[in-house]
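This structure is a prediction, so every number in the text was calculated from the model and none was measured. Residues: numbered from 1 along the sequence shown.
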Amino acid sequence: MSTENIVNNEESKGLNPEIVIRFIKCNIVKIFIYAAITLIVCFLIGIFIYFIAPSRNYFSQRIELTLPIEGNVFRYPNGKAFNYTDITSPAVLKKVYKNNNLDNILPYSEFAELIGIGAYSTKRALLDADFSSKLSKRNLSATDIKNIEIEYNDSLQRLRHNTYDVMMLQGKIPAKTAVKVLNEIPQAWFEVFRVQESQNLPMTSIDEALVKQLKTKLDISYLIAIDQFGSYLYQLQRLNEYLGKLVNNRRISLPTGEYYEDINTMLHNLRIYNLGLLTQTILNSKELRGELDITYLQSRIYNLELTVNKLKMEQTNLFKSFEMVQVKGGSINVQAGKEPTEATAINFDSSIFGQLAELYNRDATNAIRREIAEQNITLGQELAQQESSLVKYQNMLKAIQSSATTQGSREKFVVMFNQMLDEAQVLSSKINMLKQMLIGEYYLSTTFYSNIGDSCMIKDHLVSPKKLGVVLLAVWVLLNALYVAILVSKDYSKAINRKN
């Protein structure tokens, strides 16, 4: 039907939706062609805008942690808990920034802003999807939503993140340099923190400066000089005991030919036959005693008594804490201080939720009890050491206050003391030599992470394709609606003019 016939049939009604629909049907081919052309034009414009719009490149490297796990927490060799921000800490970034001479490209503050890190987990994605699906249900009360959020947060806390994405915006840095910098960040974290968070080793070295200092102490008191040397020798012994764990019954020899067993024997002889002999000589000889000896021993005893009392109070508090978390009674509980030997029976009746809550509380209580027991063992060992030192100084004070039984020669004592220092200095150098060998071997065998695949570059367009598509679709619909309106208006006007 022509436009003029439509107007003739509907002239009494004027322009109305029915006439518009008939106009569109009459011009459907023309409208379709126009729509196709505008769609192609909008598509090409969209592609053009997408590629010329500002964008930024960033690089990503995925790593997986290989640190030991304790209590669902990754820990460094010294037991400190791992924090994912350690990987991009200032100490790490400054090391990478300096190694790559980036100060010629941009200041450190801008470089630090380009680096980021985030946890990656497929389980996290599934957990988020489950959380969203539960929240999307209809007729949820405020209590339901709160319970869902609590369950989600609990699951999130139990989720272990062992995979991370280290990311870096390219910024002013060339692409090749950016890839190199990104790969060096995890390695720099390993190099910095393997030293910073390594096992706490006693840092003792009987060197020339210490030997000179101890010889000077002889002018004040033979007893004080001997006692301070004993403290340094004890620290050297602690270091040697730790190195024995690293040796692990292996036959490792020094360049000078000694084995760990030889060093251990030398240390034992120095402590028993040199230090012990000189100490007893002072206690038995009035000529070798000084004016400050009694005051020095009383001071040591006083400080040790304070330390022992403090440790005993801490131990008492631990015992009280242990009694507070003892499991008491209950249908599914075990007796206090005993571990269950059989599977726990649960009755599936109206009390099921109470039984489950009791099981959860028992597990939490057992974890607290284990932690308290471990603290008590450590505290007990320290208390025993302090009490042993206290008894030693008390016995020394009794010996000093008693009458001397032998006469001693100051000249012979000084000669023997200097010989002991020389032997200790040589022994200390051997122990430190062994330490360097074992620590170097330990560093080579220690890893914190492993790379997952190669680093990749991602182009991040500032204009979102989805938003751009929605805008162009709206423009396309608007253009076609405008075209149809103009087309109907023109044809209607022409039809009216022809009729008149």
Side-chain angles (χ1 to χ4, degrees), residues 1-60 62 116 118 120 122 124-126 128-140 165 167-172 174-175 178-179 453-500:
M1 183 180 293
S2 64
T3 303
E4 188 173 350
N5 292 334
I6 295 174
V7 173
N8 291 333
N9 293 337
E10 305 292 340
E11 62 178 346
S12 59
K13 299 179 181 179
L15 186 61
N16 54 60
E18 187 177 352
I19 294 178
V20 173
I21 292 173
R22 291 183 180 182
F23 278 150
I24 293 175
K25 288 181 179 180
C26 293
N27 299 276
I28 188 67
V29 176
K30 188 185 297 184
I31 293 174
F32 179 78
I33 294 173
Y34 180 82
I37 293 173
T38 53
L39 181 63
I40 294 173
V41 171
C42 287
F43 179 75
L44 295 176
I45 292 175
I47 293 177
F48 178 74
I49 292 175
Y50 181 75
F51 282 104
I52 68 168
S55 63
R56 56 184 181 181
N57 298 334
Y58 71 89
F59 300 85
S60 176
R62 185 164 297 168
Y120 171 81
T122 54
R124 172 66 183 272
L126 295 175
D128 290 342
D130 181 64
F131 177 66
S132 300
S133 65
K134 289 180 179 179
L135 287 181
S136 63
K137 294 180 180 179
R138 296 181 178 181
N139 302 323
L140 289 177
D165 286 330
M167 295 165 287
M168 174 183 174
L169 287 172
Q170 181 175 352
K172 303 176 183 178
V179 173
D454 298 326
S455 57
C456 60
M457 186 187 78
I458 302 173
K459 184 179 285 291
D460 181 22
H461 292 275
L462 299 181
V463 177
S464 170
K466 186 176 182 179
K467 292 182 179 179
L468 180 61
V470 170
V471 171
L472 291 176
L473 180 62
V475 172
W476 177 77
V477 172
L478 182 63
L479 288 175
N480 282 274
L482 184 61
Y483 174 73
V484 170
I486 294 173
L487 187 64
V488 170
S489 177
K490 285 184 178 180
D491 285 358
Y492 185 78
S493 298
K494 288 179 181 178
I496 294 298
N497 293 332
R498 288 191 189 123
K499 181 182 177 184
N500 296 332

List the residues meeting ring-ring contact (aromatic ring centres under 6.0 Å, His included) with F43, not counting sequence neighbours, and say none if there are none.
none
Measure across A178 and M168 and return the closest heavy-atom pair with its distance rounded to 0.1 Å.
O-SD, 3.8 Å
Shortest non-hydrogen contact from S455 toward V179:
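Scanning both residues completely, I find the closest heavy atoms to be OG-CG1, 3.4 Å.
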Could you pull out all residues at least two apart from [X] that satisfy side chain to side chain contact (heavy atoms under 4.5 Å, CB included)?
X    : value
A175 : F59, Q170
V41  : I37, I45
I486 : L482, K490

Sequence neighbours left out, what pairs pass side chain to side chain donor-acceptor pair (under 3.5 Å) with at least one residue falling in residues 469-479?
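As it turns out, the side chain to side chain donor-acceptor pair (under 3.5 Å) pairs with a partner in residues 469-479, which skip direct neighbours, are T38-W476.
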Rounded to the nearest 0.5 Å, how far apart are [atom1] of [X] and [atom2] of [Y]?
X    : Y    : atom1 : atom2 : answer
L473 : L478 : CG    : CG    : 11.0 Å
D165 : S60  : CG    : OG    : 4.0 Å
L39  : L479 : CG    : CG    : 11.0 Å

With K134, which residues qualify under salt bridge (Lys or Arg N to Asp or Glu O under 4.0 Å), at least two apart?
D130, E151
